[in-house]
**Q** 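Could you have a look at this structure, given as structure tokens, before my questions?
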2 protein chains.
Amino acid sequence: MSNFEAFFDYIQEISGKMLSEEDKLLLTEHFKPKKLRKRQYFLQEENVCRYIGFVVKGSARTFTVDEKGHENVLKLSLENWWLADFESFYLLTPSRFNIEALEDMEVLQTTNAQIEEFLKHIPAFSAMANIINQNYTIANQKRMQAAFSYTAEERYEDLISNYPHFLQRFPQNMIASYLGLSPETLSRIRKNSFK
Amino acid sequence: MSNFEAFFDYIQEISGKMLSEEDKLLLTEHFKPKKLRKRQYFLQEENVCRYIGFVVKGSARTFTVDEKGHENVLKLSLENWWLADFESFYLLTPSRFNIEALEDMEVLQTTNAQIEEFLKHIPAFSAMANIINQNYTIANQKRMQAAFSYTAEERYEDLISNYPHFLQRFPQNMIASYLGLSPETLSRIRKNSFK
DNA sequence: TTTAGGTCAACTCATTGTCTTGACCTAAAT
DNA sequence: ATTTAGGTCAAGACAATGAGTTGACCTAAA
């Protein structure tokens with residue numbers, strides 16, 4: 001049904017290791033394909049994030065809603081990204097985040113307990129996990145730093161050089177929120193940058 | 001925060017019994033107010049329905065999605081109705097139903113285990129539960145019968161005489177689906193009934 | 001062989017979402 | 001004290017979506 005091949009390729013590519021047939025079988029058995037329709041939630045705030053999802057198709061946003069009902073986008077996800085609130089997922093605490101499909105999606109999802117098994121038994125998976133965690137850490141650090149020391153314009157330039165496809169896939173107001181800008185400011189920045 | 005008064009009134013009115021202050025305290029402690037935004041799901045298919053919800057404000061639909069992606073509305077809910085897939089809720093089996101907010105909603109929700117407590121300790125609650133179950137059974141029976149023996153037009157007439165406010169609160173295509181009609185057919189029925 | 005009602009396609013109209021623009025405000029940095 | 005970056009508010013343009021209607025046609029059961 002769902003395309004596990006892309007998932008296997010992804011693991012092998014990131015980890016630099018091969019998956020055996022048994023590995024693949026294990027993964028296929030315990031990653032459950034799930035379809036989300038546009039606007040459907042993968043995770044709703046106040047719930048525990050019981051599943052981690054690998055995006056096969058579609059896009060999503062992770063966001064919070066503050067007291068005033070204002071939405072704050074923390075993460076934008078596309079194909080070959082992971083969906084989860086890791087804090088909630090690992091500690092089983094209620095999440096403050098919402099993860100919402102922005103398009104119809106296909107996701108492969110599994111539980112915390114299963115992830116432990118994969119880490120133990122599948123070398124490629126475990127290698128991948130390490131690399132991903134490193135990448136996330138670096139990316140987050142960069143983002144934090146950028147938020148403090150870069151101007152709005154620089155952050156935008158940074159985004160388009162690192163993730164040029166974001167502009168095609170995500171509405172501009174969500175990118176603005178992701179960059180910590182008002183939609184108006186981003187609109188003006190874009191206008192100016194056409195010179 | 002949320003309006004428990006309406007909930008208390010409802011219980012007392014249906015059951016014909018009074019709630020003591022302790023009863024109210026127990027209910028307030030264990031029914032958690034929850035806000036749903038329009039299009040948010042109270043329950044998604046394949047999940048276990050862990051909560052039952054009392055609608056304080058807003059409206060919702062219970063529907064299934066068949067293999068062809070066609071949505072089938074089974075229930076329309078307004079203020080002072082209950083939200084749950086009772087089969088899933090009582091048996092803890094994965095649900096085939098989706099329950100989706102059609103407007104921003106305020107719901108009071110609690111768990112199966114808590115309901116047991118209420119039934120044991122709150123006479124008014126237990127009396128209410130009995131009456132509701134009876135009403136549901138009767139209503140379902142009528143609906144089944146209607147589906148088989150009435151024409152589309154009769155079912156529509158029946159609906160507007162029993163629930164005239166549905167027309168104001170729910171989009172016509174959902175009412176059509178609820179009646180087991182195509183939207184086109186309902187549209188034509190309404191046109192004719194203006195004579 | 002009529003009839004009830006479904007399916008498909010096209011069109012209208014209202015609603016919502018997205019982006020842009022101008023006017024104005026504020027806080028920090030000169 | 002005043003420039004500057006960027007936020008807030010309000011209005012408007014435009015596109016996309018959703019809801020309702022209508023006509024044409026099809027099918028199964030009475």
Side-chain angles (χ1 to χ4, degrees), chain A residues 37-40 58-61 63 65-73 76 98 100-104 146-160 166-195, chain B residues 37-40 58-61 63 65-73 76 98 100-104 146-160 166-195:
Chain A
R37 285 175 301 150
K38 186 176 177 175
R39 290 208 191 80
Q40 218 173 334
S59 59
R61 67 201 251 255
F63 68 100
V65 183
D66 67 22
E67 329 75 51
K68 302 190 170 171
H70 200 280
E71 299 180 352
N72 211 300
V73 175
L76 294 169
N98 302 279
E100 182 198 29
L102 297 176
E103 306 169 333
D104 290 351
F148 289 118
S149 49
Y150 289 177
T151 65
E153 205 156 343
E154 286 167 333
R155 277 177 277 159
Y156 173 70
E157 297 298 342
D158 196 52
L159 181 92
I160 57 174
F166 269 31
L167 292 162
Q168 279 77 57
R169 293 293 292 276
F170 296 104
Q172 200 170 300
N173 58 16
M174 292 187 187
I175 291 179
S177 176
Y178 175 78
L179 291 173
L181 301 175
S182 67
E184 295 92 333
T185 298
L186 181 53
S187 172
R188 287 188 249 259
I189 286 173
R190 297 200 60 204
K191 193 184 176 190
N192 291 336
S193 75
F194 272 124
K195 302 174 307 195
Chain B
R37 284 175 301 151
K38 186 176 177 177
R39 290 208 191 83
Q40 217 172 335
S59 59
R61 67 201 251 255
F63 68 100
V65 183
D66 67 22
E67 328 76 51
K68 303 189 171 171
H70 200 281
E71 299 180 352
N72 211 299
V73 175
L76 294 170
N98 302 279
E100 184 198 28
L102 297 176
E103 306 169 332
D104 290 352
F148 289 119
S149 48
Y150 290 176
T151 65
E153 205 157 342
E154 287 166 334
R155 278 178 277 159
Y156 173 70
E157 297 297 341
D158 195 53
L159 181 92
I160 56 174
F166 270 30
L167 293 161
Q168 278 79 57
R169 293 292 292 275
F170 297 104
Q172 201 170 299
N173 58 15
M174 292 188 187
I175 291 179
S177 176
Y178 175 77
L179 292 173
L181 301 175
S182 67
E184 295 93 332
T185 298
L186 181 54
S187 171
R188 286 186 251 261
I189 285 172
R190 297 199 59 201
K191 192 185 175 189
N192 291 335
S193 75
F194 272 124
K195 300 174 312 196

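So that the names make sense, note that chain A is the first sequence line, chain B the second, and so on, each numbered from 1.
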**Q** Do any pairs count as a ring pair (Phe, Tyr, Trp, His ring centres under 6.0 Å) and have a residue in residues 169-188 of chain B, sequence neighbours left out, and if so which ones?
**A** B:F166-B:F170

**Q** Can you tell me the distance, in whole Å, between the CD atom of B:E154 and the C1' atom of C:dG5?
**A** 14 Å

**Q** How many Å lie between CG on A:L102 and C1' on C:dG17, as a whole number?
**A** 13 Å

**Q** Checking base pairs now: Watson-Crick or wobble, both atom distances under 3.5 Å. What partners D:dA29?
**A** C:dT2

**Q** Round to a whole Å and report the spacing from CG of A:L167 to P of C:dT18.
**A** 15 Å

**Q** Expressed as a whole number of angstroms, how long is the span from B:R37:CZ to C:dT16:C1'?
**A** 15 Å

**Q** Out of curiosity, A:M174 CE to A:R169 CZ, how far, rounded to the nearest 0.5 Å?
**A** 13.5 Å

**Q** When rounded to the nearest 0.5 angstrom, what distance separates CD in B:E100 from CD in A:Q40?
**A** 9.0 Å

**Q** Report yes or no: does A:R61 contribute a side-chain atom to a donor-acceptor pair with the main-chain N or O of A:V73 at less than 3.5 Å?
**A** no

**Q** Whole Å only: how far is the OH atom of B:Y156 from the C1' atom of C:dG5?
**A** 17 Å

**Q** Find the distance B:D66:CG to C:dT7:C1' and express it as a whole number of Å.
**A** 14 Å

**Q** Find the distance B:R155:CZ to C:dA4:P and express it as a whole number of Å.
**A** 13 Å

**Q** For A:L179 and D:dG7, what is the distance between atoms CG and P respectively, to the nearest whole Å?
**A** 10 Å

**Q** Looking at CD1 of B:I160 and CZ of B:R190, how far apart are the two atoms once the value is rounded to the nearest 0.5 Å?
**A** 8.0 Å

**Q** One character per nucleotide, please: for nucleotides 16-30 of chain D, 5' to 3', B when the base has a protein heavy atom closer than 4.0 Å, S when only the sugar-phosphate does, - otherwise.
**A** ---SSBBBB------

**Q** Do the side chains of A:E71 and B:R37 get close enough for a salt bridge, i.e. N-O under 4.0 angstrom?
**A** yes

